[in-house]
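A quick note: this is a predicted structure, and the numbers were derived from the prediction, not measured.
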Amino acid sequence: GFTRTFQKLQLDELYPALTQQQLDALLTEWGANAQTHLIFLNEQLQQLRVDLLAWVQQVQFDIAAMDVDLLAAGDAEAIGLGPRENDARISAAIRIEHQNRMGLANQLITLWQRNGNAADQIFSNGQLAGFRLSLDLDFFHTLPALNVRLTEVVELSMPYCSLNEPARLSAFLEGFPKLRVLNLAGN
């Protein structure tokens, strides 16, 4: 009926990569509790977006602790450059960190929605077990602490991923309770 159709539309917004058959199977599995599940999932997605937006916006405050290569008055590189050169370096560092954070935030939302790339799908016994998140060679000042669990991520690859605040790695990893493989080579 109408309720089932509406619930299916809601679920399709949450998980756009699922087929109609997969959506039907989830709703059938949830039965009379389908609306409760949908409310919970909507709240989870909203919380993930709020957490990630706060982390992305935090870059303007993190800049003071970031390792930006500033010029000092006596540096050979500084000869002939005006005082705005350091401002330009700070702006560039903020822009790069902001872009990196936006990219990761979008990746995390996409994975939460079970909408990862085919190349990042991990199968077990012919069934989709989850996705791989690859942060190879990426640079972040810090990673987000996640209040929402990304159970869809079963592999996390972070070789040579550079962090200015490695102590925050644990809080980030807590967001992935179903990790089977963690690659931190080179860190």
Check: What pairs with His141 under side chain to side chain donor-acceptor pair (under 3.5 Å), at least two apart in sequence or on another chain?
Finding: Asn164, Glu165

Item checked: Straight-line distance of Glu43 CD to Leu48 CG, nearest 0.5 Å -> 13.5 Å

Next item on the list: Sort and list the pairs that fulfil salt bridge (charged side-chain N to carboxylate O under 4.0 Å, His left out) and have at least one residue in residues 85-95, not counting sequence neighbours.
Entry: Asp69-Arg89, Glu77-Arg89, Glu85-Arg89

Notebook entry, point to check: Among all residues two or more places apart in sequence or in another chain, which pass the side chain to side chain donor-acceptor pair (under 3.5 Å) test with Ser157?
Noted result: Asp136

Next item on the list: Could you walk me through whether Gln10 and Gln35 pass side-chain contact (heavy atoms from CB on, under 4.5 Å), step by step?
Entry: CA-CA 10 Å; Gln10 287 179 299; Gln35 195 58 43; 3.5 Å; yes

Next item on the list: Evaluate side-chain contact (heavy atoms from CB on, under 4.5 Å) for Tyr15 paired with Gln22, printing each intermediate quantity in order.
Entry: CA-CA 10 Å; Tyr15 299 133; Gln22 290 169 318; over 6 Å; no

Check: For the side chain to side chain contact (heavy atoms under 4.5 Å, CB included) test, which of Asn147, Val148, Leu150 pairs with Gln44?
Finding: Val148

Note to self: Using the side chain to side chain donor-acceptor pair (under 3.5 Å) criterion, which residues pair with Glu29? Sequence neighbours excluded.
What the structure shows: none

Next item on the list: Identify the heavy atoms of Arg168 and Leu143 that sit nearest to each other, and give their distance.
Entry: NH2-O, 3.5 Å

Item checked: Which residues share a side chain to side chain donor-acceptor pair (under 3.5 Å) with Gln46, sequence neighbours left out -> none

Next item on the list: Measure the CZ-CD1 distance between Arg84 and Ile90 for me, rounded to the nearest 0.5 Å.
Entry: 13.5 Å

Checklist line | Leu156 vs Asn183 side-chain heavy atoms within contact, under 4.5 Å | finding: no

Margin query: How close do Leu52 and Ala105 get, counting heavy atoms only, and between which atoms?
Written below: CD1-O, 3.6 Å

Notebook entry, point to check: Do Pro177 and Thr151 come close enough that some side-chain heavy atom pair is under 4.5 Å?
Noted result: yes

Item checked: Hphob cluster co-occupancy, Leu133 + Met102, side-chain heavy atoms under 4.5 angstrom -> yes

Notebook entry, point to check: Can you pull the side-chain hydrogen bond (donor to acceptor under 3.5 Å, both in side chains) pairs that have at least one residue in residues 108-135, sequence neighbours excluded?
Noted result: Arg132-Glu155

Item checked: Path from Leu128 to Leu179 over hydrophobic side-chain contacts below 4.5 Å -> yes

Checklist line | Test item: Gln58 and Arg101 side chains (from C-beta on) under 4.5 Å apart, heavy atoms | finding: yes

Checklist line | CG-CG distance between Leu11 and Leu9, expressed to the nearest 0.5 angstrom | finding: 10.0 Å

Next item on the list: Apply salt bridge (charged side-chain N to carboxylate O under 4.0 Å, His left out) to Asp51 and list each qualifying residue two or more places apart in sequence or on a separate chain.
Entry: none

Checklist line | Non-hydrogen side-chain atoms of Leu104 and Val56 separated by less than 4.5 Å | finding: no

Note to self: Among Leu169, Asn100, Asp62, which residue satisfies the side chain to side chain contact (heavy atoms under 4.5 Å, CB included) criterion with Phe140?
What the structure shows: Asn100

Item checked: Hydrophobic cluster identity match, Val181 and Met158, side-chain contacts under 4.5 Å -> no

Notebook entry, point to check: If you link I, L, V, M, F, W and Y whenever their side-chain heavy atoms are under 4.5 Å apart, who else ends up in the same group as Ile122?
Noted result: Val154

Note to self: Applying salt bridge (charged side-chain N to carboxylate O under 4.0 Å, His left out), can you list everything that pairs with Arg4, at least two apart in sequence or on another chain?
What the structure shows: Asp24

Item checked: Partners meeting salt bridge (charged side-chain N to carboxylate O under 4.0 Å, His left out) with Glu13 (sequence neighbours left out) -> none

Notebook entry, point to check: Does Ile39 belong to the same Ile/Leu/Val/Met/Phe/Trp/Tyr cluster as Leu23, with side-chain heavy atoms less than 4.5 Å apart forming each link?
Noted result: no

Check: side chain to side chain contact (heavy atoms under 4.5 Å, CB included) with Lys8: which of Leu26, Leu38, Leu27?
Finding: Leu27

Notebook entry, point to check: Asp12 versus Leu14: any side-chain heavy-atom pair under 4.5 Å?
Noted result: no

Notebook entry, point to check: Which heavy atom of Gln60 sits nearest a heavy atom of Ile63, and at what distance?
Noted result: O-CG2, 3.3 Å

Check: Please, which pairs that meet ring-ring contact (aromatic ring centres under 6.0 Å, His included) have at least one residue in residues 165-186, sequence neighbours excluded?
Finding: Phe172-Phe176

Next item on the list: Check whether any side-chain heavy atom of Arg49 sits under 4.5 Å from a side-chain heavy atom of Leu45, and report yes or no.
Entry: yes

Check: Same hydrophobic cluster for Ile96 and Val59, using side-chain heavy-atom links shorter than 4.5 Å among ILVMFWY?
Finding: no

Item checked: Backbone of Ala54 reached by a side-chain donor or acceptor of Gln57 within 3.5 Å -> no

Margin query: Applying ring-ring contact (aromatic ring centres under 6.0 Å, His included) as the test, list every pair that has at least one member in residues 35-68; sequence neighbours left out.
Written below: Trp30-His37

